[in-house]
Structure formats: C-alpha cells, structure tokens
Amino acid sequence: MGHVRGSARRDGRRLMFAGLSAQSPDKIIGLMQAFRADPRTDKVDLGVGVYRAPDGTTPVMRAVKRAEQRLWEEEATKSYTALEGDAGFHAALSGLLLGPPPEDRLAYAATPGGTGAVRQALELLARANASLCVWLPGPTWPNHPAIIDHLGLKRREYRYYDPATQCVDFDAMMADLARIGPDDVVLLHGCCHNPTGADLTLPQWQEITAHLGQTGALPLIDIAYLGFGDGPEADAQGLSHIVATLPEALICMSCSKNFGLYRERTGLLMALSPNLATRDIVQGNLSNLNRQNFAFPPDHGARLVTMVLNDPALRRDWLAELTEMRNRMQSLRGALAEVLRAESRSDRFGFLTAQRGMFSLLGASTPQVAALRETHGIYMIGDSRINIAGLPENDLPRLARAFLDAGL
C-alpha cells in the first residue's frame, strides 16, 4: 500500500475512515481529565458518580473482598457461562429486589453493567415495536436519551422535577403521562433519582401503576442505586408494586454502586411477561441479543454478587456496610444543609436532606458552575449535579462559602 496523505491514497480512492466524523467528548470524562490536570491541592471532585469513603477512595466492600478470596480458592474453570448468564445470579439478584420472584414470568439477561441492561432492554423493545415512543423524566441520566437516539427510537419527555421546589412535580408528571398510549414506554428511576435525588413516594408509584395499567403502556425501570435510599426493601417498594400488578415490565439493575463493582461491569436485565409461553419467547430474544452484541456476558462480578447474597454471613456484612455507606451520605447531606443554612442565614438548601441517594441538583447556572470550577477548584457536572459522597466533610464551610460566592 502506498503512502497515505489526508483522506486518500495516491490513486485517489477515498479511505474508509474518512467517512467518520468527530464525536463530542463525554462531559463526565472531560471533567475527570480537567480535575486530574488541576494542580490545586484543595480541589474538590463532586462530578464523578462513584461512592467515596472519608479518605477519598472507592473501597472494595468487605463482603465482596471475602467472596473474591473464596472464589480464587474454589473456582475451577474460566469457561463461558450461558448466553443469558448464570441462573444462580438471576435468582439471587431478583430475590434481593423482589423477594420471591414470579419465576414463571421472568426472563433474564446478565449484561455488562447497568448500562448494558438499558441497552439490551431498548434493543428488545425495538424488536417488539420499532415505532414505539420512550417517555423520559426531565431530567434523567444522559445515557438514556443517547442510547435511544443511537437506536433510532422516538422519545418524549415528561415533567418530573420542579427546580423551584427541588421536589418531584407529580401533578405535572401525571398531566404529561395522560398522553401516553399502548405503544409507549415510560422510563422510571427505581430509587435515588439521577441526577436530582428526588424520589417518588409509594402512593405515587401506586397511582402511576394504575395509570400504566389503564393505558397499556410498558414501564422500563432503571434501578442503579438499590440500598442507597432507605435500604434495599424500602427502595424496591414501588418497583415491586409494578411487578405484582402489571402484566409486563422491564427492569434494569446495576451492581456497580451497591456492591462497589464498578469495573467488573455487573448488571442484570429482567423482563416480566404475562405468562410462561411469552416469557420463553422473551428469554429466547434476550439470549439472542446477548449473542449478537457481546456473546457471553461477564461473570466475575455476577459470581461475587451470588456468593454474597447466598452466604448468610457475607450477606449480613454486605448489608451492614451498605447501611454505613447510606448513613454516611445522609449525614453528609444534613451537614452540608446545616452549614449552608448558617452561612446563608436561610433554609433554601433544606431540600438536600429530603432527597436520597448519591446525587442532588444544586440549581446552579452554567456560569455559576464554571465559576466554582475556575475560582474555587470545585468540579461538578454542568447541570450542577453533585456527588454527595464526594463532599469533603472536614471542609464543608469553605465549600458552602464558595457556593454562596458563586451566587447560589
């Protein structure tokens, strides 16, 4: 092959990669790179969505570490698991989420993380009805609309969060969802809404479920933070009501946060069907989608989750550490709200204590977010989402003063 210059060979033929266009850089990855390059010693990372211990690290959970040591001793093969993943993992995780699950109605697909579960769910829906419309809460996790657009599906937004009250705007939400029909899919955050931290109450879940039942629309539930709100059982109440009431649902679950398995990419897609015959068809499609996209799913993280949940001692230790993490985040919320109340002499940040999970929206404008980064070395996503677990608990007064200095 001759010398290549620009986008063509010497013979004038166009090179294949010349047809590619530059992609916009991922905002969170860009923020991580900017943070690492910042030489200031008092800089604060409130952007990246990982749990952080008081020393700033993202630790391996105790029960996971013990399970991994045991797995190293006992594992006898690295051969492939099934296309849909290991049945023991399906049973353990669905049991955690739903109690005794309706096994004759559930199909499963283990996936590379919760993102993989969302992708496979949307691909399944595209196979079922390519003309459907996915309704997303405003705001939502940026990858939701990105994947929908990539697959060429239609989407619409329903109002969810009221920036003025920092709460769920349930009346507006239901007014928007009054327009859904049987060819629509409604995406719901199972708990610890990302990016707002504002969650639905159980009565609100019940009202939504009744409305979905009347319209025939299908719920797609993304639950990435089970246990970070009020505990695993409480966090799953709304989702469990949907499963007990409706004939169909899709559930995307991640083990990145609550098991600390970020880099192991451990996720599960669960598809609820009205009967055994339909479940078998759905299962065949899920297995086929896994085969087409990545063949066999990763198993190391799934095996660790299964071991932790099936061993009573490991499960108790995991639940204890999960409680410690949840309580620490709630304590940080309260401490930040109190410092802001004292510094601002107002209660306008009291919403922080009513929210749940890892994230909250401060309500800062784009220029204010930029000022916080450039002047004070405080990094957050452009919509002013902050990672509560990243708060510097020994330096909250400085952080509060910086927020106020930026005009919050």
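Excluded from the calculations below are hydrogen atoms, water molecules and symmetry mates; all remaining heavy atoms, backbone and side chain alike, are included. Model, not experiment: these values are computed from the prediction.
Between the side chain of His144 and the main chain of Leu136, no donor-acceptor pair closer than 3.5 Å is present. Between the Thr111 side chain and the Gly116 main chain, no donor and acceptor come within less than 3.5 Å of each other. Using a distance-only test at 3.5 Å, with no hydrogens or angles considered, a donor-acceptor pair links the side chain of Asp184 to the main chain of Gly181. Between the side chain of Arg333 and the backbone N or O of Gly357, at least one donor-acceptor pair lies under 3.5 Å. No donor-acceptor distance shorter than 3.5 angstrom exists from the side chain of Asp169 to the backbone of Asp162, with no hydrogens or angles considered. The backbone N or O of Leu226 lies less than 3.5 Å from a partner atom in the side chain of Asn258, making a donor-acceptor pair. Looking at Arg348, its side chain never comes within 3.5 Å of a backbone N or O of Leu340 through a donor-acceptor pair. Judged by distance alone, the side chain of Asn194 and the main-chain N or O of Trp141 form no donor-acceptor pair under 3.5 Å. In this structure a side-chain-to-backbone donor-acceptor pair under 3.5 Å is missing from Asp183 to Leu132.
Cation-pi contact between Lys43 and Tyr379: absent, since separation from the ring centre below 6.0 Å together with deviation from the ring axis within 45° is not met.
Scanning both residues, Ala217 and Ile180, for their nearest heavy atoms gives CB-CD1, 3.7 Å. The two residues Leu187 and Pro137 have their closest heavy-atom pair at O-CD, 3.5 Å. The shortest non-hydrogen separation linking Leu404 to Ser344 is CD1-N, 3.7 Å. Here the closest non-hydrogen pair linking Thr196 and Pro139 is CG2-CG, 3.7 Å. Minimum heavy-atom separation, Leu153 to Ala126: CD2-CB, 3.9 Å. The two atoms that bring Thr81 and Pro297 nearest to each other are CG2-O, 3.8 Å, heavy atoms only.
Once rounded to the nearest 0.5 Å, the distance linking CE of Met325 with CZ of Phe228 reads 4.0 Å. Rounded to the nearest 0.5 Å, atoms CG (Asp45) and CG (Leu391) are 11.0 Å apart. To the nearest 0.5 Å, atom CG of residue Leu304 and atom CZ of residue Arg66 are 13.0 Å apart. The CG atom of Asn387 sits 8.5 Å away from atom CE of Met329, with the distance rounded to the nearest 0.5 Å. For the atom pair CD1 of Ile388 and OH of Tyr51, the computed distance is 12.5 Å after rounding to the nearest 0.5 Å. Here the CE-CG distance, from Met32 to Asp26, works out to 9.5 Å after rounding to the nearest 0.5 Å.
At least one side-chain heavy atom of Ile242 sits less than 4.5 Å from a side-chain heavy atom of Leu188. At a threshold of 4.5 Å between non-hydrogen side-chain atoms, the residues Lys27 and Ile381 do not count as touching. Contact of the Leu97 side chain with the Val243 side chain is not registered, since no non-hydrogen atoms from C-beta on lie closer than 4.5 Å. Side-chain atoms of Val50 and Tyr262, non-hydrogen and from C-beta on, do get closer than 4.5 Å to each other. Looking only at side-chain heavy atoms (C-beta outward), Asp42 and Arg398 come within less than 4.5 Å of each other. Looking at Leu250 and Cys252, their side chains never come closer than 4.5 Å, going by heavy atoms from C-beta outward. Side-chain contact between Ser256 and Arg265 is present, with heavy atoms from C-beta onward closer than 4.5 Å. Using a 4.5 Å heavy-atom threshold, the side chains of Thr245 and Trp205 count as separate.
By the side-chain hydrogen bond (donor to acceptor under 3.5 Å, both in side chains) test, Glu248 pairs with no residue at all, sequence neighbours left out. A search for ring-ring contact (aromatic ring centres under 6.0 Å, His included) contacts involving Tyr225 returns Phe359, not counting sequence neighbours. Residues meeting the side chain to side chain contact (heavy atoms under 4.5 Å, CB included) test with Ala371, sequence neighbours left out: none.
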Show which side-chain atoms of residues 267-287 pair as donor or acceptor with protein atoms under 3.5 Å away, not counting sequence neighbours.
residue : atom : partner : partner atom : Å
Asn275  : OD1  : Ala277  : N            : 3.3
Asn275  : OD1  : Thr278  : N            : 2.8
Asn275  : OD1  : Thr278  : OG1          : 2.8
Arg279  : NH1  : Glu103  : O            : 2.8
Gln283  : OE1  : Tyr108  : N            : 2.8
Gln283  : NE2  : Tyr108  : O            : 2.8
Gln283  : NE2  : Ser287  : OG           : 3.4
Asn285  : OD1  : Arg127  : NH1          : 3.0
Asn285  : ND2  : Ile281  : O            : 3.0
Ser287  : OG   : Glu84   : OE1          : 3.2
Ser287  : OG   : Gln283  : O            : 3.1

Residues 67-76 side chain polar contacts: donor-acceptor under 3.5 Å, at least two apart:
residue : atom : partner : partner atom : Å
Glu68   : OE2  : His300  : NE2          : 2.7
Arg70   : NH1  : Asp311  : OD2          : 3.0
Glu75   : OE1  : Lys78   : NZ           : 2.7

*How far apart are the C-alpha atoms of Glu343 and Leu396, what are their side-chain angles, what is the distance that settles it, and do they pass the side chain to side chain contact (heavy atoms under 4.5 Å, CB included) test?*
CA-CA 11 Å; Glu343 293 288 342; Leu396 290 179; over 6 Å; no

*Starting from the C-alpha separation in whole Å, work towards a yes-or-no answer on side chain to side chain contact (heavy atoms under 4.5 Å, CB included) for Asp299 and Phe89.*
CA-CA 9 Å; Asp299 185 64; Phe89 173 58; 5.8 Å; no

*Let me see the working for Gln292 and Asn288 under side chain to side chain contact (heavy atoms under 4.5 Å, CB included), right down to the final yes or no.*
CA-CA 6 Å; Gln292 301 310 310; Asn288 179 260; 3.5 Å; yes

*Between Leu31 and Val48, is a side chain to side chain contact (heavy atoms under 4.5 Å, CB included) present by the stated rule, with each step listed?*
CA-CA 8 Å; Leu31 194 71; Val48 181; 5.8 Å; no

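Using a 4.0 Å cut-off between charged nitrogen and carboxylate oxygen, Arg401 and Asp405 do not count as a salt-bridge pair. Between Arg385 and Asp383 no salt bridge is recorded (no basic side-chain N to carboxylate O distance below 4.0 Å). A salt bridge is defined here as a Lys NZ or Arg NE, NH1 or NH2 lying under 4.0 Å from an Asp or Glu carboxylate O, and Lys65 with Glu321 fails to meet this definition. Remark: Arg356 does not engage Asp199 in a salt bridge, criterion side-chain N to carboxylate O under 4.0 Å.
Between the side chains of Ser360 and Gln355, at least one donor-acceptor pair of N or O atoms lies under 3.5 Å. For the residue pair Arg328/Ser331, the side-chain donor-acceptor check at 3.5 Å is not satisfied.
Annotation: Arg179, atom CZ; neighbour count of heavy atoms from other residues, nucleotides and ligands within 6.0 Å is above 12. More than 12 heavy atoms of other shown residues, nucleotides or ligands fall within 6.0 angstrom of atom CD in Glu393. Residue Arg40 places its CZ atom among more than 12 non-hydrogen atoms of other residues, nucleotides or ligands, all under 6.0 Å distant.
Legend: ring pair (Phe, Tyr, Trp, His ring centres under 6.0 Å) pairs involving residues 149-177, not counting sequence neighbours, sorted by first then second residue: Tyr160-His193.
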